[in-house]
Amino acid sequence: MLHQLLRQPLAVAPDRPILEADGVWLTAAELEQRTARLASGLLAAGLEEGDRLAVLVPNGIEGVLCYLAGFRLGLVVVPLDYQYQALQIGYALGHSGAVMLVVHQERVPALEEAGVLGAVPRVFVVGGPPTGSRRPFESLLGAERGLAVEAPHPDAPAVMIYTSGTTSRPKGVVLSHGALSTGVLKYLARVTLTPDDVALIATSVSRPLALRCQILPTLRTGGRVSVLRKFTVEDYVAALRRAPAKTFLTLSPAGLGQLLANPDFQACDFSRLRLCLAGGDRVPTRHLEAFERLTGVPVTEQCGSTETGPYAMSPPFGRKKLGSVGPPAHGVQVAVVDEHGGDVPTGVVGEMRVSGPSIMDGYWNDSAQTRKTLQKGWILTGDLGRFDEDGYLWFMGRRKDIIIRSGNKVAPLEVEAALSDHPAVQEACVIGVPDPTSGEVPHAYVILQPGVSILPGELRDFVAGRLAAFMVPAEVHAISELPSKGPGKVDRELLRMRAITAGLIERVPFFRAAGAALLRDLIPRLDARTIAAGTGLVHEGDTGEEMYFLTKGQVEVLQGNPPRRLQVLREGAYFGELAVLQEVPRAATIRALTEVEVYALGRTAVRQLAGLHADFDRYLRAAAAAYAPAGAPPS
């Protein structure tokens, strides 16, 4: 199917625009012609079935063309993340055995300086004049030769996508023609696209979310695809305002949050919008609710990985449960198992394992990791989840240490390896810390060589020259020793707890004495937020759904109409527990006097923690009781 992806639009409306980038639209016939010409050019350049074609370009028409022509010829397309640095690109090129690289001109100088391009026999350059032996990409678009298009074998590899794992080196995930084709058809069985749909793509086309969930299914049905070079709020809003009206969006949770905070996005016309998918990480409930209020369209959450494709999805046009990623995707089997591989009962958390015709064949040239991850037809995701009584899946966290930053996966060991290359660093450990904008950001803890000092910014700059921007630590801390949980084993969990709860531990008295067990259960349930001055956090008379811990700034407690100030709360204060615990209306309004930072804890989480930890239950109830006699608790 992939080799004839444009069959339907060519048969129905060949002169209809179908693909757009940078303001340029191609009709189905024009896209087919360019695909055929590129396929002819690749053959003329000496590529044969099974050869690896590496592609390092920003989002645009060239990347889509490379996919389509590669599928037609039975090549293995190796899309490289455009944010990768030279050393990462060099590793992927060498590991994959790529025989050709299509690369954008702006990346060439750095790659040449690093000596990366010399390892690839053929290099073709997009944009700008080529240098030396590098030839222009346009030279591949010669005269079309009459090619006998034969369907590649379903088991033949179609793409090799590099993904960070728990080791320091990326792994090449191999997806066959059969896996991609079947995945598209089964995806369309749940996500019913039509030729009237217009997909807006801002995530990298080198990643599975854009490829498997938007480009392939939309083109297959004859819909239209509009591709942005990269995601920025301004460019995304501008694209939404341009005709044709967009009906199909896919966003990361971080991107969704940035858009919702933008007034221009709020003013967009969403009357034609039918579907908005979110994946890559959990979407905060407040974002789900805000998006539906704004657009009238609920966000459809899905869960998946490079190795599996989407394996769970909330019904796009059916019943959704906030916080759930929905039932297993059409044609996909998901099992939640215990440590021995046995199915766990409904409601019990276990590791999620995935099977189906759209999973990977394995990791390229890495049989050990393949055997570890793919067992008897099942992918061991390393992620935790549970099924509810309706068969909906609830994602409960990651067993691995992977950091998800704005939808991008960061392998701590890869960042640690880069830090350790600096002569001042003796040892390094990288953990993920929740961030209100990016979901998670990496924080690095380093032990410096004796007698050496260095500024954190210098280490960040050092890493920035070696890894993609999303892998650069947001903070670097020099410490005297790393906590250990055994010989040679750094206690990452303890480091992470210290980082996440730093504001709580330092400013909220209760948490200074909180035990490790409570902190472990508390941290995943906390939602860190920054609130602008003048914004109301809670309102008198409303039902209490959250309680708050104030770690920065000041808020005022107001009551009555006109409002009368009762008191001012500062760092270390907490409020909202009375309304949450006793399910009574808020007794007062609380408004930010300055920009404030709070940790929010939802009603369900409060009750869960109170049930699990007697000290937390006593703390909250004592606090709530202390407010009650006054008649004006800050809740």
Side-chain angles (χ1 to χ4, degrees), residues 1-5 7-8 49-50 67-68 70-72 74-79 150-161 163 171-193 207-221 250 277 279 300 302-316 325-337 341 343 351-364 366-367 369-383 385 387 391 393:
M1 184 268 283
L2 296 179
H3 70 294
Q4 293 182 326
L5 190 69
R7 173 186 290 178
Q8 181 167 332
E49 183 176 357
Y67 276 126
L68 297 179
F71 294 156
R72 187 162 299 187
L75 304 178
V76 183
V77 182
V78 185
E150 297 182 2
H153 193 280
D155 294 337
V159 295
M160 187 189 309
I161 300 176
T163 180
K171 300 186 292 291
V173 177
V174 178
L175 298 169
S176 68
H177 279 261
L180 285 182
S181 298
T182 303
V184 168
L185 296 177
K186 292 188 179 297
Y187 196 78
L188 287 170
R190 184 71 59 86
V191 182
T192 52
L193 301 179
R207 310 312 303 163
L209 184 64
L211 177 64
R212 303 187 78 168
C213 301
Q214 281 195 294
I215 292 175
L216 296 182
T218 306
L219 292 179
R220 170 73 170 74
T221 55
T250 296
L277 299 180
T300 295
Q302 64 178 24
C303 188
S305 67
T306 306
E307 291 88 343
T308 64
Y311 61 78
M313 174 186 289
S314 289
V325 293
H330 184 75
V332 177
Q333 293 177 281
V334 179
V336 180
V337 302
D343 292 339
E351 181 185 7
M352 295 185 287
R353 299 187 177 185
V354 178
S355 182
S358 57
I359 66 173
M360 72 168 184
D361 286 355
Y363 297 117
W364 183 260
D366 197 339
S367 57
Q369 278 296 324
T370 298
R371 287 193 300 270
K372 183 178 179 181
T373 305
L374 180 57
Q375 297 180 10
K376 298 181 180 179
W378 291 85
I379 296 287
L380 281 59
T381 67
D383 294 336
F387 278 114
L393 191 64

Under the side-chain hydrogen bond (donor to acceptor under 3.5 Å, both in side chains) test, which residues partner [X], sequence neighbours left out?
X	answer
T218	none
S314	none
Y187	Q302
R7	Q4

Residue pairs, two or more places apart or on separate chains, that pass salt bridge (charged side-chain N to carboxylate O under 4.0 Å, His left out) and touch residues 210-220 =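 Residue pairs passing salt bridge (charged side-chain N to carboxylate O under 4.0 Å, His left out), neighbours aside: none found.
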Which heavy-atom pair separates [X] from [Y] by the least distance, and what is that distance?
X	Y	value
L209	C213	O-CB, 3.1 Å
A158	H177	CB-CD2, 3.5 Å
L175	T306	CD2-O, 4.0 Å
L393	A312	CD2-CB, 3.9 Å
V336	G385	CG1-O, 3.2 Å
I161	P208	CD1-CG, 4.1 Å

ask   = Taking it one step at a time, do L219 and Q8 satisfy side-chain contact (heavy atoms from CB on, under 4.5 Å)?
value = CA-CA 9 Å; L219 292 179; Q8 181 167 332; over 6 Å; no
Contacts of [X] that satisfy side chain to side chain contact (heavy atoms under 4.5 Å, CB included) - sequence neighbours left out:
X	result
P328	V334, F387
P357	T182, K186
E49	none
T221	L188, L193

[atom1]/[X] to [atom2]/[Y] distance, rounded to the nearest 0.5 angstrom?
X	Y	atom1	atom2	value
R72	L2	CZ	CG	11.5 Å
S367	L374	OG	CG	12.0 Å
Q375	T370	CD	OG1	11.0 Å
Y67	L180	OH	CG	9.0 Å
L380	T373	CG	OG1	7.0 Å
L277	Q214	CG	CD	7.0 Å

inquiry  = Using the rule given for side-chain contact (heavy atoms from CB on, under 4.5 Å), can you reason through I359 versus W378, listing the C-alpha separation, both sets of side-chain angles and the distance that settles it, and then say yes or no?
reply    = CA-CA 9 Å; I359 66 173; W378 291 85; over 6 Å; no
Do the non-hydrogen side-chain atoms of [X] and [Y] ever get within less than 4.5 Å of each other?
X	Y	result
V354	E307	no
V78	W364	no
P154	S176	no

key: Stepwise side-chain contact (heavy atoms from CB on, under 4.5 Å) test for V174 and Y363   = CA-CA 6 Å; V174 178; Y363 297 117; over 6 Å; no
So does [Y] get a backbone contact from the side chain of [X], meaning a donor-acceptor N/O pair under 3.5 Å?
X	Y	value
E351	V337	no
T381	M352	yes
T308	G304	no

